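First comes the structure, then the notes that go with it.
By convention in this document, chain letters (A, B, ...) are assigned in the order of the sequence lines, proteins followed by strands, and residues within each chain are numbered from 1. Hydrogens, waters and symmetry mates play no part in the numbers below; they use all other heavy atoms, side chains included. Quantities reported herein were computed from a predicted structural model and do not represent experimental measurements.
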Amino acid sequence: MSNITSLDTASEPTHQLQNLNDVQQLFDRILQTNKLFTNRDLLRSTYIPETLPHREKEITDLASILSPAMNLEAPSNVLLFGKPGVGKTAVVKLVGGELQKHGKALGKPIHILYINAQITDSLYKILTSIGQQLTSDSVGSISSSGLPVDVILARIISGIDTQKQVIIIVLDEIDRIKDDAALYTLTRINEGLNLARVSIIGISNDLKFTEFLDPRVKSSLGEESMIFCPYDAEQLQDILRDRIKTALKPNVIDEDVIPLCAALSAQEHGDARRALDLLRVSVELAERKNERIVAAKHVRLAQSKIEKDRIAEVVRNLPAQQRLLLHAIRMLQRYYEHAGKQSIMTTGEIYDRYTELSKKVHYATLTQRRIGDFIAELDTLGILSARVVSMGRRGKTRQIQMTVSSAELEHILKEDEFTEELGQFKMKNQTKLL
DNA sequence: CCTCCACCGGAACGTGAGGAGT
DNA sequence: ACTCCTCACGTTCCGGTGGAGG
């Protein structure tokens with residue numbers, strides 16, 4: 001989700017490709033116009049470089065915390081805190097990779113398991129993920145469902161405990177794990193082991209996440225903790241400069257591009273991921289226009305493109321009911337825009353439109369309770385903003401505003417299955433809205 | 001100061017899919 | 001064939017609430 005792949009408008013050939021020859025010519029043409037990058041992937045935020053500027057201290061700190069693993073002793077559990085894009089994951093992957101490499105060279109079995117707890121958010125899923133990641137080495141195969149949790153746990157324990165080894169479980173977005181018992185079980189896993197040792201590295205965006213934990217879990221997980229500060233604009237510039245040395249050809253960017261990318265991202269809590277995406281997309285845009293130099297205007301374009309692409313991508317992958325809800329919002333929004341009013345909607349209004357639309361397309365009409373949850377979800381996805389307000393006698397509700405205009409929303413929804421069917425559909429009871 | 005609207009949001013529960021063991 | 005497991009997705013029920021208007 002973090003990556004906006006951008007092959008879409010790169011080549012919109014106006015003619016049909018007739019045969020292989022044409023295809024080859026197309027590739028040749030793209031190669032020729034590919035003048036700015038030497039290696040595009042180095043500007044992706046998922047790429048882990050060998051050096052992380054301004055994270056030297058964090059790297060050595062984490063390395064020393066994990067160093068007992070080299071003697072096959074369990075390192076302390078660690079919690080890493082910091083806003084998105086400040087290098088938490090990168091530092092862990094870098095240090096973890098080195099550790100594994102050194103361990104291998106010395107014949108010490110050290111495993112780093114990376115688990116994204118945003119997706120893998122229950123004990124059951126975490127355990128099966130551990131099982132699957134270890135399958136290739138020591139544990140027998142473990143399937144994705146069907147067994148009771150304790151059976152899976154027992155299998156993993158017996159699978160792991162066949163030799164002296166250290167297993168470090170990285171739980172990214174650990175604050176997303178709702179189930180307290182899951183963390184409790186994980187922190188106590190060592191108690192069932194004789195030979196192997198397990199440590200946990202938790203990564204969290206939320207500094208306050210430990211406040212609500214069981215005290216035993218809290219003290220166990222937080223044996224060590226590290227806080228990652230946001231990068232400032234200067235540091236972001238260093239990071240970008242470091243990357244472009246190998247990612248881009250020399251002298252292809254204006255001198256104000258890097259400071260601009262850095263400044264724009266520094267405004268958003270110093271997010272290096274954002275800065276890299278911004279730079280990469282800027283270069284892509286310049287390249288497509290066959291320009292030799294990336295300039296500030298490309299950065300501005302890139303900024304809005306990234307946001308639009310992100311929203312479009314999210315919307316496309318939404319389940320049908322949620323897209324239907326967006327259609328309802330779109331209609332209301334358009335209505336408000338035509339009336340020249342600010343399009344701030346309430347849950348009730350939206351629910352009424354949604355009810356009409358769902359009947360029209362013969363879909364089940366979900367309850368308002370459920371739709372309320374959808375609205376909250378769309379809010380966290382950043383495609384609308386909803387805040388709870390009280391309107392006195394007129395009750396308490398969410399005020400909802402789209403982050404894109406109705407025209408853009410319409411454009412994004414254009415290709416989905418509802419658009420045609422709803423084409424001429426008019427809202428009932430429009431007066432009710434006034 | 002009190003009321004009362006129009007929802008919010010937690011909790012418990014139901015159903016059905018996908019899979020495992022016996 | 002049957003039982004038992006988890007998860008995803010929804011519903012039902014219901015207590016809670018900020019503040020404009022009486």
| query | For DNA chain C, whose closest nucleotide is more 5', that of A:Ile119 or that of A:Pro148? | reply |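 Looking at DNA chain C, the more 5' nearest nucleotide goes with A:Pro148.
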OP1 or OP2 of [N] under 4.0 Å from side-chain N/O of [X]:
{"X": "A:Arg155", "N": "B:dG21", "value": "yes"}
{"X": "A:Arg393", "N": "C:dG19", "value": "no"}
{"X": "A:Ser122", "N": "C:dC7", "value": "yes"}
{"X": "A:Thr347", "N": "B:dC8", "value": "yes"}
{"X": "A:Lys396", "N": "B:dT3", "value": "no"}
{"X": "A:Arg394", "N": "B:dC5", "value": "no"}

Output the rounded distance in Å from [atom1] ([X]) to [atom2] ([N]).
{"X": "A:Ile400", "N": "B:dC8", "atom1": "CD1", "atom2": "C1'", "value": "12 Å"}
{"X": "A:Gln321", "N": "C:dT11", "atom1": "CD", "atom2": "C1'", "value": "14 Å"}
{"X": "A:Arg370", "N": "C:dC13", "atom1": "CZ", "atom2": "P", "value": "18 Å"}
{"X": "A:Arg398", "N": "C:dG16", "atom1": "CZ", "atom2": "P", "value": "19 Å"}
{"X": "A:Asp150", "N": "B:dA20", "atom1": "CG", "atom2": "P", "value": "17 Å"}
{"X": "A:Lys125", "N": "C:dC7", "atom1": "NZ", "atom2": "P", "value": "7 Å"}
{"X": "A:Leu318", "N": "C:dA8", "atom1": "CG", "atom2": "C1'", "value": "16 Å"}
{"X": "A:Tyr124", "N": "C:dC5", "atom1": "OH", "atom2": "P", "value": "11 Å"}

Identify whether any heavy atom of [X] sits under 4.0 Å from a base atom; if not, whether one sits that close to sugar-phosphate; answer base, sugar-phosphate or nothing.
{"X": "A:Phe374", "answer": "sugar-phosphate"}
{"X": "A:Arg369", "answer": "base"}
{"X": "A:Val149", "answer": "sugar-phosphate"}

| Do A:His111 and A:Gln100 get their side chains close enough for a donor-acceptor pair, meaning under 3.5 Å? |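 No.
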| Worked verdict on A:Thr89 versus A:Asp172 for side chain to side chain donor-acceptor pair (under 3.5 Å) | CA-CA 8 Å; A:Thr89 307; A:Asp172 207 342; 3.0 Å; yes
| task | Apply salt bridge (Lys or Arg N to Asp or Glu O under 4.0 Å) to A:Asp41 and list each qualifying residue two or more places apart in sequence or on a separate chain. | result |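 A:Asp41 satisfies salt bridge (Lys or Arg N to Asp or Glu O under 4.0 Å) with A:Arg44 only.
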| Which nucleotide in the list C:dC5, C:dT11, B:dC7 gets nearest to the side chain of A:Thr367? |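 Comparing C:dC5, C:dT11, B:dC7 against the side chain of A:Thr367, the answer is C:dT11.
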| query | Where the side chain of A:Leu366 is defined as all heavy atoms beyond and including C-beta, which of B:dG21, C:dG10, B:dC7 is the nearest nucleotide? | reply |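 Looking only at heavy atoms from C-beta outward on A:Leu366, the closest nucleotide is C:dG10.
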| Residue closer to the 5' end of DNA chain B, A:Gly392 versus A:Gly372 (nearest nucleotide) |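 Closer to the 5' end of DNA chain B: A:Gly392.
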Under 3.5 Å, side-chain donor or acceptor atoms of residues 207-215 of chain A against the rest of the protein: list the pairs with distances, not counting sequence neighbours.
{"unit_1": "A:Asp214", "atom_1": "OD1", "unit_2": "A:Arg216", "atom_2": "N", "d": "2.8"}
{"unit_1": "A:Asp214", "atom_1": "OD1", "unit_2": "A:Arg216", "atom_2": "NE", "d": "3.4"}
{"unit_1": "A:Asp214", "atom_1": "OD2", "unit_2": "A:Arg216", "atom_2": "NH2", "d": "2.9"}

| said: Are there over 12 heavy-atom neighbours, none belonging to A:Glu234, within less than 6.0 Å of that residue's CD? | reply: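 Not buried by this count: 12 neighbours or fewer within 6.0 Å.
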| task | Flag this pair as yes if the NZ/CZ of A:Lys93 is under 6.0 angstrom from the six-membered ring centre of A:Tyr114 and inside a 45 degree cone about the axis; otherwise no. | result |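 Yes, a cation-pi geometry.
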